[in-house]
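Accompanying notes for the structure given below.
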Amino acid sequence: MGIIAWIVLGLIVGIIAKAVMPGRDGGGIILTAVLGIVGGFLGGIIGKALFGVDLGGFFDLRTWLLAILGAVIVLGVFRLLKGNRSRA
């Protein structure tokens with residue numbers, strides 16, 4: 001996939017991850033896209049390690065599912081780190 005496809009995929013996946021785990025995150029559209037892109041990379045690593053599959057093309061279902069899984073994990077970690085900082 002090209003860089004534009006990663007950005008579009010990341011933005012959509014970031015929005016889906018925030019819909020799956022609603023809450024106040026802030027950051028706007030840029031942070032949402034970064035969340036999705038990092039989630040896509042993490043999803044690719046998870047897919048390779050656990051299932052032995054790579055990310056497919058832009059319209060491949062496993063690409064989207066792995067990216068959403070990765071983005072939800074990244075969002076959860078982000079919230080844990082952000083929550084700990086606000087209490088200090």
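As a basis for the values below, the full set of heavy atoms in this structure was taken, side chains included, without hydrogen atoms, waters or symmetry mates. All residue numbers refer to positions in the sequence shown, counting from 1. What you see is a predicted model, and the numbers here were worked out from it, not measured in a lab.
Residues Leu61 and Phe59 do not share a hydrophobic cluster, defined by chaining ILVMFWY side chains whose heavy atoms lie under 4.5 Å apart. Met21 and Val13 fall within the same hydrophobic cluster, where Ile, Leu, Val, Met, Phe, Trp and Tyr residues are linked whenever their side-chain heavy atoms come under 4.5 Å apart, directly or through other members. Clustering ILVMFWY residues whenever any of their side-chain heavy atoms sit less than 4.5 angstrom apart, transitively, puts Leu66 in the very cluster that holds Leu50. Hydrophobic clustering (side-chain heavy atoms under 4.5 Å, transitive across Ile, Leu, Val, Met, Phe, Trp, Tyr) groups Trp64 together with Val20.
Pairs passing the salt bridge (charged side-chain N to carboxylate O under 4.0 Å, His left out) check and including a residue from residues 57-69, sequence neighbours excluded, read Asp60-Arg62. Applying the salt bridge (charged side-chain N to carboxylate O under 4.0 Å, His left out) test to pairs two or more places apart or on separate chains, none has a residue in residues 5-15.
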Under 3.5 Å donor-acceptor pairs involving side-chain atoms of residues 30-47, not counting sequence neighbours:
| unit_1 | atom_1 | unit_2 | atom_2 | d |
| --- | --- | --- | --- | --- |
| Thr32 | OG1 | Lys18 | NZ | 3.1 |
| Thr32 | OG1 | Gly28 | O | 2.9 |

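Pairing each heavy atom of Leu9 with each of Ala67, the nearest pair is CD2-CB, 4.4 Å.
The CD1 atom of Ile68 lies 11.5 Å from the CD1 atom of Ile15; values are rounded to the nearest 0.5 Å.
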